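Beneath this line is the structure, given in structure tokens, with notes to follow.
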Amino acid sequence: MAEQADLILHGGDIVRLAEHGDERGEAVAVKDGTIAFVGPEREVLEDWRGPRTVVRDLGGSALLPGFIDAHGHLGGIGLQAVIANLLADPDGDVTDLASLKDKLRSWAACPVGADSDWIIGFGYDDAMLAEGRHPTRDDLDEVSTDRPVLAIHQSFHLGAVNSLGLKRLRYSAATPDPEGGVIRRRELAVPPSYGEPDGVLEEKAFTPASDLAFVGLPQRVLLMLFATGAATAASFGFTTVQEGGTTLANLKALRDTAAAVPLPVDVVAYVKADEATSSPLDDPIGVSDEYVDGVRAAGVKLVLDGSPQGRTAWLTEPYLTPPPGQPEDYCGYPAVPDDAVVAKQIGTAVERGWQVLAHVNGDAAIDQFLKGVEAAGPGRRPTVAIHAQTAREEQVDAFARLGVLPSFFSMHTYYWGDWYRETVLGEQRAESISPARWAIDRGLRYTSHHDAPVALPNAIAVLSSQVTRRTRSGHVLGPDQRVSALEAVRAITINAAHQYGEQDRKGSIEVGKVADLVILSANPLTVDPEEIRDIKVIETIKAGTTVHPPAAPTGRASRTPQTAPTPQWGCSC
């Protein structure tokens, strides 16, 4: 015996995803949190097993590299777990405005809700409500007239408030729409009156409402959002997650939390580009390739448009059906109308060595982004087009030419595929959303993400959506854009590691890499593609230590945050 392993895993399907090939191993030896050997089961057991080695028989389960979150919001995952759950099936049970209001009332009476200034719920989808519309101030006044109420759309780009909420925001008929946002009105009016607000707020008109509401949450809840989000992500098989688009103040809070409460996963953070690039400091973010207490900052994120499902994304061609009050040629709108501002933010980030991520759903926003990328030149890490839902084929060509890595929100095919076909884009344009096949055909290492809290951080759903592209109704949306199970797995493992520049230490089961692993009930590469969605996460291992299910306290050092509450998918009490 050359050396004694801490852990040996054998007896299952081991999917290595090694760069030189995807051959399977029979057994894995882990030493000091690192993969020490991968090879034949007999050799591993004979050469690496010692008196203190923990030997685990997988019993036919599948062992894969730990999943890597290419884009999400760690604090938002925690938030999702503690406010009212307004999601529709399969993640919740809100079906109409009556059930939405019941959820808000119930949450307002539970311990967290009772201590909160605002009554807050997240996840309603007007496409899934029986009434087919957003809640208005009048609907939410039925929840409360004594406390402000905020119902957040599943896209997190829109929301609705009650009359007291509008008063807190100082939104009235005399308030114009902010640049990059819309205050929806009860009726059209001529300035100086802009029309009485109906309670529905879009984009930069919505953001102040969420800011106010979250500040009013109990302090004990705010302190645990990151730890709760990390525990939740680990339960879905993720070992590296993202805090995408945070403030400098929240980045400090994340670092403080990680120093005080060890997180079960690694966190890569990106700060809002406008705040970071306008700072007089050379590096207000503290960008680094190394983790400190499991956290590292990597760069900045721009938001250049809104949500296709909310019909605020910026398109070059009109929406199939415009939102109420909008003309037939409505194409959405930019978040940052000035191209020069966008180009300056990208250029400043590239000059400072920061990685650039950009939220670009609509193809007009992608055009604006590509202009800025071309002007700035190549960065130290791949520039990432987040979502890129409606990317045209020639734009994917430009991604390849400019070294832009697309990260698709592939679960849109399930959650909003039918809505896109019937209301948002029409059949032809809807078929090419999240165009993963175009990316593969051009040699791009695309990634796929969950964008939690917009969707649950469900890695298995991310895999299934790429392979089947099934909508809620069962329709296959754009069969030509489907990918193989292997390509789908690579999108949330080794490709995501490349996106972060961590391919030498994560993303595959290879000697010398961190022992970030996930055990699944079945191998997604061998089951029927339609059965991938039924696979369960059995165990998540971070650097050789099990972090899900969380271990009971034993007095031994552990990465698991024992003080983190169990995720509850939107407390409705």
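Keep in mind that what you see is a predicted model, and the values were worked out from it rather than measured.
Of the possible donor and acceptor atoms, one in the side chain of R472 sits under 3.5 Å from a partner among the backbone N and O of D89. Remark: side-chain polar atoms of T390 are paired, donor with acceptor, to backbone N or O of N361 under 3.5 angstrom. Without hydrogens or angle criteria, N250 side chain to A253 main chain gives no donor-acceptor distance under 3.5 Å. Although no hydrogens or angles enter the test, the distance criterion places a donor-acceptor pair under 3.5 Å between the side chain of S521 and the main chain of K536. Remark: side-chain polar atoms of S116 are not paired, donor with acceptor, to backbone N or O of V112 under 3.5 angstrom. Formation of a donor-acceptor pair under 3.5 Å by the E26 side chain with backbone atoms of P40 is not found in this model. Formation of a donor-acceptor pair under 3.5 Å by the E502 side chain with backbone atoms of A497 is not found in this model. Put simply, the side chain of D13 never gets that close to the backbone of N523: no donor and acceptor are under 3.5 Å apart. No side-chain donor-acceptor contact under 3.5 Å links T53 to the backbone of V55. The closest donor-acceptor contact from the side chain of R56 to the backbone of L9 lies at 3.5 Å or more, if one exists at all.
For the 3.5 Å distance criterion, the side chains of H449 and D69 fail to qualify, holding no donor opposite an acceptor. Looking only at atom types and distance, the side chain of D266 has no donor-acceptor partner in the side chain of Y500 under 3.5 Å away. A side-chain donor from one of Q355 and Y270 sits under 3.5 Å from a side-chain acceptor of the other. Between the side chains of S307 and Q309, at least one donor N or O sits under 3.5 Å from an acceptor N or O.
Looking at every heavy atom in both residues, S508 comes nearest to K513 through OG-NZ, 2.6 Å. The two residues I509 and I35 make their nearest non-hydrogen contact at CA-CD1, 3.8 Å. Residues S448 and S410 come closest through the heavy atom pair OG-OG, 2.7 Å. Contact record, A27 with H10: CB-CB, 3.8 Å, taken as the closest heavy-atom pair. Minimum interatomic distance between A385 and V360 (heavy atoms only, all atoms of both residues): CB-CG2, 4.0 Å. Counting all heavy atoms, side chain and backbone alike, I460 lies closest to I532 at CG2-O, 3.1 Å.
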- [ ] Go through the steps to decide whether H412 and Y420 satisfy the test ring pair (Phe, Tyr, Trp, His ring centres under 6.0 Å), and finish with yes or no.
- [x] CA-CA 9 Å; H412 269 246; Y420 281 5; 5.7 Å; yes
Task: W416 and D125: CA distance, side-chain angles, deciding distance, side chain to side chain contact (heavy atoms under 4.5 Å, CB included) verdict - done: CA-CA 10 Å; W416 295 288; D125 183 355; 2.7 Å; yes
- [ ] Under the side chain to side chain contact (heavy atoms under 4.5 Å, CB included) rule, what do V384 and I386 come out as? Steps first, then yes or no, please.
- [x] CA-CA 6 Å; V384 183; I386 297 294; 3.7 Å; yes
Open item on the list: Run the side chain to side chain contact (heavy atoms under 4.5 Å, CB included) test on D115 and R220 for me, step by step, so that the C-alpha distance in whole Å, both residues' side-chain angles and the decisive distance to 0.1 Å come before the verdict.
Closed with: CA-CA 10 Å; D115 287 346; R220 69 181 188 279; 3.1 Å; yes
TODO: Give the C-alpha distance, both sets of side-chain angles, the deciding distance and a yes or no for side chain to side chain contact (heavy atoms under 4.5 Å, CB included) between F37 and E3.
DONE: CA-CA 11 Å; F37 190 79; E3 196 168 2; over 6 Å; no
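Counting heavy atoms from C-beta outward, V467 and R482 have side chains that stay 4.5 Å or more apart. In this structure, D6 and D32 have side chains that are in contact, with non-hydrogen atoms separated by less than 4.5 Å. In this structure, the side chains of L217 and L79 come closer than 4.5 Å at one or more pairs of heavy atoms. Between L58 and I519 there is a side-chain heavy-atom pair separated by less than 4.5 Å. A heavy-atom distance below 4.5 Å is found between the side chains of W107 and I83. Looking at heavy atoms from C-beta onward, T239 lies out of side-chain contact with V518 at the 4.5 angstrom threshold. Counting heavy atoms from C-beta outward, M411 and S434 have side chains that stay 4.5 Å or more apart. Between T246 and L254 the shortest side-chain heavy-atom distance does not fall below 4.5 Å.
Residue R52 qualifies as open at atom CZ: its count of foreign heavy atoms under 6.0 Å is 12 or below. With a 6.0 Å radius and a threshold of 12 heavy atoms from other residues, nucleotides or ligands, R437 has its CZ atom above the threshold.
Residue R533 forms a side chain to side chain contact (heavy atoms under 4.5 Å, CB included) with just one option from S464, P524, S465, and that option is S464. The side chain to side chain contact (heavy atoms under 4.5 Å, CB included) with P382 is formed by just one residue from the set L405, L357, V356; it is L405. Each of H71, R490, Q499 was evaluated against T447; a single residue qualifies, Q499, per the side-chain hydrogen bond (donor to acceptor under 3.5 Å, both in side chains) test.
Taking 4.0 Å as the cut-off between side-chain N and carboxylate O, R505 and D289 do not count as a salt-bridged pair.
Atoms CG and CG, on D256 and L251 in that order, are 9.5 Å from each other to the nearest 0.5 Å. For the atom pair CD of Q389 and OG1 of T413, the computed distance is 8.5 Å after rounding to the nearest 0.5 Å.
Ring geometry for Y124 against H153 counts as perpendicular: the plane angle is over 60°, on a 0 to 90° scale with 30° as the lower cut. Using the six-membered ring where Trp is involved, H387 and F409 have ring planes that are tilted, between 30° and 60° apart.
Between F236 and H450, the ring center distance fails the sub-6.0 Å criterion.
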